[in-house]
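So the structure is just underneath, and the comments pick up after that.
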Amino acid sequence: MSGRGSLCVLICVFFFCCALKSVFSIQELTVTGKDLKDCGKQKNVCVMSSADCLAASDVLTATPESFVNMSCHYLVHEESFTCRWIQMSEIRTETVSTFIFRRTDDVYCPSILNFFSRFNLTIKSKSVIDQKEQFSDVYPVYMEEIVQAPRPVIMSVNVTDSSVNVTWNSGIITVTKCRIRYKHLNTESWTETASNESPFVIEGLQAFSEYRLSVSCAHESGRWSDWSDETRVKTSESSPSASLSLSYYVASDGNSGVRQLLLLWKALDVTDARGLIRGYEVSYMPIKQPSLKKTIHTAELKAVVLVRAEEYEVTVWAFNSAGHSPPRRLRVDASRSHDVRSVKGLWVYSEGSSLRIRWDRDFSAVNVSEFAIEWSAVTNPIRKHWQRVDGSTFTARLTGIEPDENYTISVFPVYDSLCGPPTSISASLQHGALLDLDRFRLVNVTQSSLVVQWTWKEAKPRVNVRQYRLVLEGAHGKESLSVFPDKQQHTFDQLHANAKYSVYIQGETTTWNFSKASLDVNTPLIDYDEMMRFAVPVVLLLLIFGIFSVSSRTIFREYFFPIVANPRYSLIGRWLLNPHLKGSGKICVLKLESLFQFDQQEKNFIQVERRVSLISEHEEVIPSKISTTGEGTTLWKPNSDAHAPFSLPEYVDLPLLADNSDYVQTGQISTVVHLSEKTSD
Ligand SMILES: *[C@@H]1O[C@H](CO)[C@@H](O)[C@H](O)[C@H]1NC(C)=O
Ligand SMILES: *[C@@H]1O[C@H](CO)[C@@H](O)[C@H](O)[C@H]1NC(C)=O
Ligand SMILES: *[C@@H]1O[C@H](CO)[C@@H](O)[C@H](O)[C@H]1NC(C)=O
């Protein structure tokens, strides 16, 4: 038996079909004339095995339900006859199938398979295990209707950036029609196009894209040939078709005029890149001084350049081996700083073989269009990885993470053409975030609040913490909040006075929770502050009251109960009060200097003097100097002019007085004492 036309060319692919509770397999059997034998006396029968001759003579009981979707074809150039069908059976078993050909007229078996032949076909299928035989229905076959063209062979393909030129060979027999199908490597469905002859040019393809294609041909009204083997082709590069989406951020380092301009762009889609992007060209030019234009080339998706605080025109291009993309231009006013928010609450932990990164979703107030995530291994910082996620998300999964490698991850919020400064964190697959919580302490506690503080230190934690929570637990309940590296202090409010609380940090891993750094706190009954608030005014009030009472006594005494010199305690007084002197009408002059110690008593003496002089004012007794105002009031002034002569009442007998002496005069009732600094005649 020849190899090609072996008794049974079986391709048995087994499927299990649970719904049908039966097994089916796809069968294919090909024969050529050499495989066929006659059956002696049965001149109109051809079989593949003499054992079938007996069956061929019987009236066979067909089980057509076991042979489904049968189709046959005849290949002229090979003179081979092939049938394919689906074999149904109850158990999974290997079967051997044979063909039984019958004709109405006699036949010479090896030549039954020819272009003009007609016959009836029955398929016998025999189980290898239990030798059970099954027969198909009888199929009438007209060879000219099932002639199939040979399978074409693709000889060559020539590509441009948008087309493929295909050449194929459809064998020695001329075909009248062909069809070509192709599909992009990443898509499911084929695109089919007809062509009458080779070569054929497929057009409208994407640049730098891989396609699979195959060809099938047919003779006139015959069957389509099988599809040729698939050929993979890749169209060539062309320059990128779209400009980059660019955003920027101006960072100033305070007072110096130099600013850092951060430019961030997004990698082009494959369809726009139309080739392998080799790099990016960035040029920036002060608008007022175009001669200071600078250009840099980079392979990264980010550039940081130093600029001065003025307006710039920035242009960025992507380029591949075929050329540059259209430019993206931005006008950047580097003198203005932008109030853009950076990402808060950044945290990272490992999730299988990737890193899960998350941040606060608190971006509702601003229009963040996207977040750009950059990460690189610490040992290979040049090789940056980028990922963009939508502005509405707050988490991303970073893949392709190497174990035993530390990564630096930065997240930039992108607001269309603006972006925010990055927020960064370090992590590894083994430890998650390379940060640990440290030095947890109580800062302040009052009746109704407590403040705790902690720090973050770079560390390799033992466990991979999904997040840390700060928990406050007390008799009145429990509250907790997530804490992230940008948070280092928290105040719990509305606590109960004189209550016991426990504050601690809880770490959450995928499987368990643990607590660390626990503090027990008692809130006071009365706050020190409150106490101070209460005590200080009271003390102040007491102090003011004390000062007031002391000073008021002085003032009261001074103004309402003035110290009036008791004449009995002074020599003059006693002298004046002496009844023997009363009404004598004599004037006695005392040398005062000898009688008083001026130093101490001057004040009181002057007070007395004043008061007396006020009385004297009305009585107009001894004006030292009389001035008359418009109202006719007589005022007394202490004599400023020492040399002015005294004008005295006539009845006064003026004695001579030595220097530094004054005089005292006794009136009839009132006692007038007048002191003059110096009296001269
Ligand atoms: C037989 O072919 C028909 C139509 O081509 C198809 O719907 C059916 O699923 C096939 N049967 C099996 C068992 O595959
Ligand atoms: C956000 O965008 C919407 C529409 O795109 C706009 O109406 C709204 O004013 C923007 N909000 C801010 C804060 O820019
Ligand atoms: C850990 O604690 C959080 C919050 O307290 C809780 O939601 C979570 O179910 C806990 N996880 C485990 C594994 O106990």
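Note that ligands are numbered from 1 as they come in the structure, with each ligand's atoms numbered from 1 the same way. Side-chain atoms are counted along with the backbone in the values below, which use heavy atoms only and exclude waters and symmetry mates.
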Should the pair Glu374-Lys302 be classified as a salt bridge under the 4.0 Å nitrogen-to-oxygen rule?
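Counted as a salt bridge, because a side-chain N and a carboxylate O are separated by less than 4.0 Å.
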
Check ion pair Glu311-Arg331 (N to O, under 4.0 angstrom):
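Result for this pair is yes, salt bridge flagged.
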
Hey, is ligand 3 close enough to Thr511 that some N/O pair sits below 3.5 Å?
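By distance alone, the answer is no.
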
Nearest-neighbour protein heavy atom for [atom], which is reported as residue plus atom name and distance:
atom: atom 5 (O) of ligand 3; result: Gln506 OE1, 3.4 Å
atom: atom 8 (C) of ligand 3; result: Asn513 ND2, 3.8 Å
atom: atom 4 (C) of ligand 3; result: Glu508 OE2, 3.7 Å

Is it true that Trp265 and Tyr280 have ring centroids separated by less than 6.0 Å?
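Aromatic pair counts; centres sit under 6.0 Å.
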
Apply ring-ring contact (aromatic ring centres under 6.0 Å, His included) to Phe492 and list each qualifying residue two or more places apart in sequence or on a separate chain.
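Listed in chain order: His490.
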
Would atom 11 (N) of ligand 3 count as contacted, meaning some protein heavy atom under 4.0 Å?
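Within 4.0 Å of atom 11 (N) of ligand 3, protein heavy atoms are found.
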
Within-cutoff protein neighbour (heavy atom, under 4.0 Å) for atom 2 (O) of ligand 3:
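True for atom 2 (O) of ligand 3.
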
Does Lys293 count as lying over the ring of Tyr284, i.e. NZ or CZ under 6.0 Å from the six-ring centre, within 45 degrees of the axis?
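Because its charged atom misses either the 6.0 Å distance or the 45° angle limit, Lys293 does not stack over Tyr284.
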
